[in-house]
Visitor: 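Got a structure for you, questions after.
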Amino acid sequence: MRKFSWGYFLSFFLLTALVSAQKSTIYTNDLKDFYRAVSLFKGQQYASAQLIFNKIKENATTEELKSDCAYYAANCAIRTNQANADELMEKFVSDYPTSVKQNQAYIEVAHYHFNQGNYPQALQWFDKVDESSLSRADQDQFNFQKGYSFFNAQKKKEATTYFNRVVNSAEYGSQAKYYLGFMAYEGDDYKQATKYFDEVSGEEKYKEKLSYYQADMNFKLGNFQKAIDLGQKAMAKSNVMEKSELSKIIGESYFNLKKYDTAIPFLVAYKGKKGRWNNTDYYQLGYAYYKQKDYENAISQFNKIIGGKDSVAQNAYYHLGESYLNTDKKQQALNAFKNASEMDYDLAIQEDASLNYAKLSYELGNSYQSVPSILQGFLNKYPNNASRSEVEKLVIDSYISSKNYKEALVLLEKNKSPENKLAYQKVLFYRGLELYTDGKYDDALKMFTKATTEQKDVVFTTRATFWKGEAEYVLGDFKEALLSYKQFTASSSAPKTPEYKNHNYNIAYSYFKLKEYDQAGNYFQSQIEKAASDKVRLNDSYLRLADCRFVTSKYSQAIDAYNKVIESKSVDADYAYFQKAISYGFMSKNDKKIDELNSFIQMYPKSEYRDDALFELANTYVADNKNDLAIKTYERLNVEYKKGSFTSRATLRQGLVYYNTDKTEQALVKFKKVASDFPRTPEALEAVATARLIYVDGGRVDEYASWVRTLDFVAVTDVELDNDTFEAAEKQFQQNNLKQAISGFNSYINQFPRGIHALKANYYLGQSYFAEGSESKSIPNYEYVIAQPSSEFTEQSLSRLAQIFLKNKQTDKAITVLVRLENEADVPQNKTYAQSNLMKSYYDVKDYQNAVGYAEKVLTNAKADDKVKSDAQIIIARAALESGDEAKAKVAYAKVMAIAKGELAAEALFYDAYFKNKEGNFDASNTAVQKLAKSYSSYKYFGAKGLVVMAKNYYGLKDSFQATYILENVIKNFTDYPEVVSEAKTALEKIKMEESKTNSSIGK
């Protein structure tokens, strides 16, 4: 056991006492520093105080001292706006939850966030405060600041509670009343707002604000003059945004007092909500301008109202229409009235807008719907309208003036009331003309026939009779055509019609087609005598008169008429000269015929009748026993036209000349050439037959038999059977017994595929199939014919094949055949047919270079009619567009517009508008679109495309209402044309995007 040591105890005691004394000293020093820091804190030397508090906290030996230092350090941070001040105070609250200063800490953090403008955070801390422990002064500050934080958070009910607690406070009462008044103002409780505002109106700092609110309240209460007075009083001391709002209050007050001239400057000065105007703003300014008769400025404002679907928009659109009418912008007025008529917020405005829309549609045309249906729709909806009788008259006339005959006919078919009979007859007639122009002759004939049966207007009955004849003529029914023309001529009204001047010409051609040449000649003579001013028909009448006299062997009269054609130097002068020469031959004046033919060959080196002239010249030399000249001329013909239609005949004729002059060996050379180069042709058969005579006469039958065996189209033992089989089928063909003919020719071809008559049999079989309507079955037969050397059947077979391939959309095959037809045709009409269809076919396969080349060929043909010429110009125009050459397209479309009718005219007119739009000539472009709507409303596709161009024009003219309205209606009304709707949507999106930019700052 250890012994107790007093020395050790004493040492420990002394040590403990020393430590205790040190702690006491430190604590005493800490308190001293703490109080010094508190003194600095009270002296607002927060940064220095904070350093000391933090240092004391590190060494403090009691929780109380640490807690106090943490509190004051955080407080110093708050008062010096340090970034982490709230974090320090929150740390104090969490570290020392039992501190008596905790409630004060909540207050301090809340005040800190409030002073920083962080009202949501301030509210969080205010909610933690124990209000019952606050002093009177602290309570007022707490209530006001918490009330304001609720006010800032739009929690008006809670804000009202706390503001009411300080409403009598000396320090916060005025502010609380101001905010209570403001909340009442915002809640449209103007009585309460006025009460609070009046209580603080004597204080200078609220005067400026109160004038604004009081002006607004009086405006909303309908005290417009007082609103104006207060607004103008507040204007001088207001900021930019407040001045804008005051301008609106004053301007709208004047507007409501109908002082529009005074209202305008204030309405203009308004900057809009967040820099944007709404539809009401535009309407009020527009209406003020409208009442001042400043229609241009009114239009400028009204047409900025886009997408409005309320009573303001309806009013705006109606007055926009009125403004357009007053500035003679009727197309724009039409669209505005249409928009107003489609809204039912104000029924009186709707009815008047509908009336204006109907009248303008009648006057201008309408691309959206038929004018008659618009007018009739108005009558149905407003049967008691004061303008009913006027509109009823317009309905009848609109069927004609709108030229929308197709839709008009549908409406009239449904409503065959007696008063509509006249309109029905006129529409039938004009619809017939429309169909005739578009080449739909069967349908046109039906319309004209119906029109003649109505007989409400004798002039239209007479004209319909004439055009019935025209349709019958084109369809090949020449007897009926002649009858119709004669009925037309017999009418007492005929001389009043535009068709009368050429009635003799039409009758003459009907007789001509019926091969009644004497009668035809007489009528051509009448045309010459009575319509000499029509130069085109005059020359043609002389030519046909000459042909008629020629056919009826009146050669002297024929020559006189041919001379007239030659003297005119028309495109038919070469034909007339050739026929004149032939006429001398029939008059037994071969010397004169030879001279004329030689002159023809010299004068017309490029004439399509040159080969005919050489052949006739050679034949005439033979007739005059000038055999050497004949042989040379035949040879010249064959050299110049190696693959011509006369080559086989010229070679055969050479052989016959040699045969007749006993030059049999030379004759055999020619006959054998014909047989080898032109097998199965009539010339080949004649050549073989004549050669047979030479061989038989010379006793060389075996030699003949050996030669004939080399020919695959002549079998000596089968000749009789070959001929009999063919002749049996040919007889049925000539009697138009098509079924029997088809059976017979098929039998012949099966038995004699290379027979003597194989060429004819295939051609006649093809013709029989074609006539029967089995066109596709005829193709192999026609192809057989064109695969043989050129013959009298080649040209017609090429023409038939071309028709079939074109009809069946076999474009590549059609092109191949048409190229041959163009090169080999002797008939001018066939050459023109080939060229016109080649231009179309090449366009269809996107070979624009060849398409344009053939179109230009067609245009050089002086005999091509306007329809063919307009087709050619369209091809040039379309090809140019596809190739990106708009300049060339523009020229071509301008030429089309001068001659085209129907759909081609509509297309040309659309592009006229299109190019003018591209050039920035917006007004002229709109005029073209209006003409399109007025005159070609039945061609909906181009009408729709025209409207898109019109919308672009209006946007170019800064009329965004018209632009957007038109595009929206295109999208709504023309769903049958998706590509047009797509273009309209793209244009509309572009406009709206641009408008969204410009509307960010209001337009003036």
Side-chain angles (χ1 to χ4, degrees), residues 439 476 608 611 641-648 677-682 742 745-746 749 753 758-861 863-865 867-869 871-872 874-876 878-879:
E608 59 188 274
D611 54 346
Y641 299 93
K642 291 179 181 178
K643 294 184 179 180
S645 58
F646 292 106
T647 307
S648 60
D677 290 354
F678 306 98
R680 287 175 289 282
T681 63
I742 288 168
F745 287 130
N746 272 317
I749 291 168
L759 182 68
K760 268 189 177 180
N762 273 283
Y763 176 71
Y764 289 153
L765 180 55
Q767 291 289 80
S768 299
Y769 277 134
F770 193 93
E772 188 194 43
S774 304
E775 296 171 355
S776 60
K777 290 183 179 179
S778 71
I779 293 173
N781 306 109
Y782 288 132
E783 287 182 332
Y784 176 90
V785 174
I786 68 171
Q788 307 307 313
S790 181
S791 70
E792 61 183 298
F793 309 118
T794 303
E795 184 172 344
Q796 180 67 0
S797 296
L798 287 169
S799 177
R800 289 293 196 213
L801 279 172
Q803 290 177 54
I804 296 166
F805 290 144
L806 288 169
K807 183 177 180 180
N808 295 330
K809 309 292 185 186
Q810 295 174 278
T811 309
D812 290 335
K813 288 185 177 181
I815 288 173
T816 302
V817 171
L818 287 166
V819 168
R820 277 195 61 184
L821 180 61
E822 180 200 14
N823 293 327
E824 299 175 30
D826 284 326
V827 179
Q829 290 89 338
N830 282 336
K831 190 179 289 287
T832 301
Y833 173 82
Q835 290 173 344
S836 64
N837 281 288
L838 277 169
M839 74 178 179
K840 294 175 184 176
S841 299
Y842 278 125
Y843 180 81
D844 289 341
V845 298
K846 297 182 170 35
D847 184 348
Y848 301 125
Q849 184 175 354
N850 269 320
V852 171
Y854 274 100
E856 289 171 344
K857 278 187 180 182
V858 168
L859 290 172
T860 60
N861 183 352
K863 298 186 76 174
D865 62 27
K867 178 72 168 67
V868 175
K869 287 180 180 178
D871 284 343
I874 279 287
I875 292 293
I876 292 172
R878 290 174 181 170

Visitor: Should Lys857 and Glu822 be marked as a side chain to side chain contact (heavy atoms under 4.5 Å, CB included) after you check the CA-CA gap, both sets of side-chain angles, and the distance that decides it?
Guide: CA-CA 11 Å; Lys857 278 187 180 182; Glu822 180 200 14; 2.8 Å; yes
Visitor: Going by side-chain contact (heavy atoms from CB on, under 4.5 Å), Leu821 matches just one of Leu801, Leu798, Thr794, Ile786. Which one?
Guide: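 With Leu821 as partner, side-chain contact (heavy atoms from CB on, under 4.5 Å) holds for just one option, Leu798.
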Visitor: Measure the spacing between CE of Met839 and CD1 of Ile874 and express it to the nearest 0.5 Å.
Guide: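 So the CE of Met839 and the CD1 of Ile874 are separated by 10.0 Å.
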Visitor: Tell me, do Asn781 and Ile749 make a side-chain contact under 4.5 Å, heavy atoms counted?
Guide: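 Yes, their side chains come closer than 4.5 Å.
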Visitor: Rounded to the nearest 0.5 Å, what separates atom CG in Asp847 from atom OG in Ser841?
Guide: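 Taking CG in Asp847 and OG in Ser841, the distance rounds to 11.0 Å.
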Visitor: Could you report the tightest heavy-atom contact between Ser648 and Ser645, atom names first, then the distance?
Guide: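 Scanning both residues completely, I find the closest heavy atoms to be OG-O, 4.4 Å.
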Visitor: Between Lys831 and Glu608, is there a salt bridge with N-O shorter than 4.0 Å?
Guide: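 Here Glu608 does not pair with Lys831 in a salt bridge, since their nearest N and O are not under 4.0 Å apart.
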Visitor: With side chain to side chain contact (heavy atoms under 4.5 Å, CB included) as the test, would you mind laying out the steps for Leu838 and Asn850 before giving the verdict?
Guide: CA-CA 8 Å; Leu838 277 169; Asn850 269 320; over 6 Å; no
Visitor: Quick one, Thr832 and Val858 - any side-chain contact, counting heavy atoms below 4.5 Å?
Guide: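 No. Closest side-chain heavy atoms not under 4.5 Å.
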Visitor: Taking all atoms of both residues into account, what is the closest heavy-atom pair of Tyr842 and Ile815, and its distance?
Guide: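 Result for this residue pair: OH-CG2, 3.4 Å.
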Visitor: For a quick test of reading the model, state the closest non-hydrogen atom pair linking Pro682 to Glu792 and the distance between them.
Guide: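 Residues Pro682 and Glu792, closest heavy atoms: CG-OE2, 3.6 Å.
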Visitor: Quick one: which of Tyr833, Tyr854, Phe805 gives a side-chain contact (heavy atoms from CB on, under 4.5 Å) with Leu818?
Guide: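 In the set Tyr833, Tyr854, Phe805, the residue that makes a side-chain contact (heavy atoms from CB on, under 4.5 Å) with Leu818 is Tyr833.
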Visitor: Is a side-chain donor-acceptor pair under 3.5 Å present for Asp844 with Thr811?
Guide: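 There is no such pair between these side chains.
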Visitor: Looking at Tyr782, does the NZ or CZ of Arg800 lie under 6.0 angstrom from its six-membered ring centre and within 45 degrees of the ring axis?
Guide: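 No, Arg800 and Tyr782 do not form such a contact.
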Visitor: Within the structure provided, determine whether Asp871 and Ser836 are in side-chain contact (heavy-atom separation under 4.5 Å).
Guide: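 They are not in contact (no side-chain heavy atoms under 4.5 Å apart), so the answer is no.
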Visitor: Hey, are the side chains of Lys777 and Glu772 touching, using non-hydrogen atoms and a 4.5 Å cut-off?
Guide: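 Lys777 does not reach Glu772 side chain to side chain.
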Visitor: Measuring from Ile804:CD1 to Ser778:OG, what's the distance to the nearest 0.5 Å?
Guide: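 Rounded to the nearest 0.5 Å, the CD1-OG separation comes to 3.5 Å.
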Visitor: Between Asn830 and Glu795, what is the shortest heavy-atom contact and its length?
Guide: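 It is ND2-OE2, 2.8 Å.
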Visitor: I need the minimum non-hydrogen distance between Ala855 and Ile876, along with the two atoms involved.
Guide: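 The pair with the smallest heavy-atom distance is CB-CG1, 3.5 Å.
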Visitor: Lys869 and Leu859: side chain to side chain contact (heavy atoms under 4.5 Å, CB included), yes or no, with the steps?
Guide: CA-CA 6 Å; Lys869 287 180 180 178; Leu859 290 172; 4.1 Å; yes
Visitor: Find the distance between OG (Ser790) and CZ (Arg820) and round it off to the nearest 0.5 Å.
Guide: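 Answer rounded to 0.5 Å: 8.0 Å.
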Visitor: Roughly how far, to the nearest 0.5 Å, is OG of Ser768 from OH of Tyr763?
Guide: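 Taking OH in Tyr763 and OG in Ser768, the distance rounds to 10.0 Å.
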Visitor: Determine, stepwise, if the pair Asn823 / Val819 fulfils side chain to side chain contact (heavy atoms under 4.5 Å, CB included).
Guide: CA-CA 6 Å; Asn823 293 327; Val819 168; 3.7 Å; yes
Visitor: Measuring from atom CG of Asn762 to atom OG of Ser797, what distance do you get when rounded to the nearest 0.5 angstrom?
Guide: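 Answer rounded to 0.5 Å: 9.0 Å.
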Visitor: Quick one: closest heavy-atom pair of Leu806 and Ala814, and the distance?
Guide: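 The pair with the smallest heavy-atom distance is CD2-CB, 3.8 Å.
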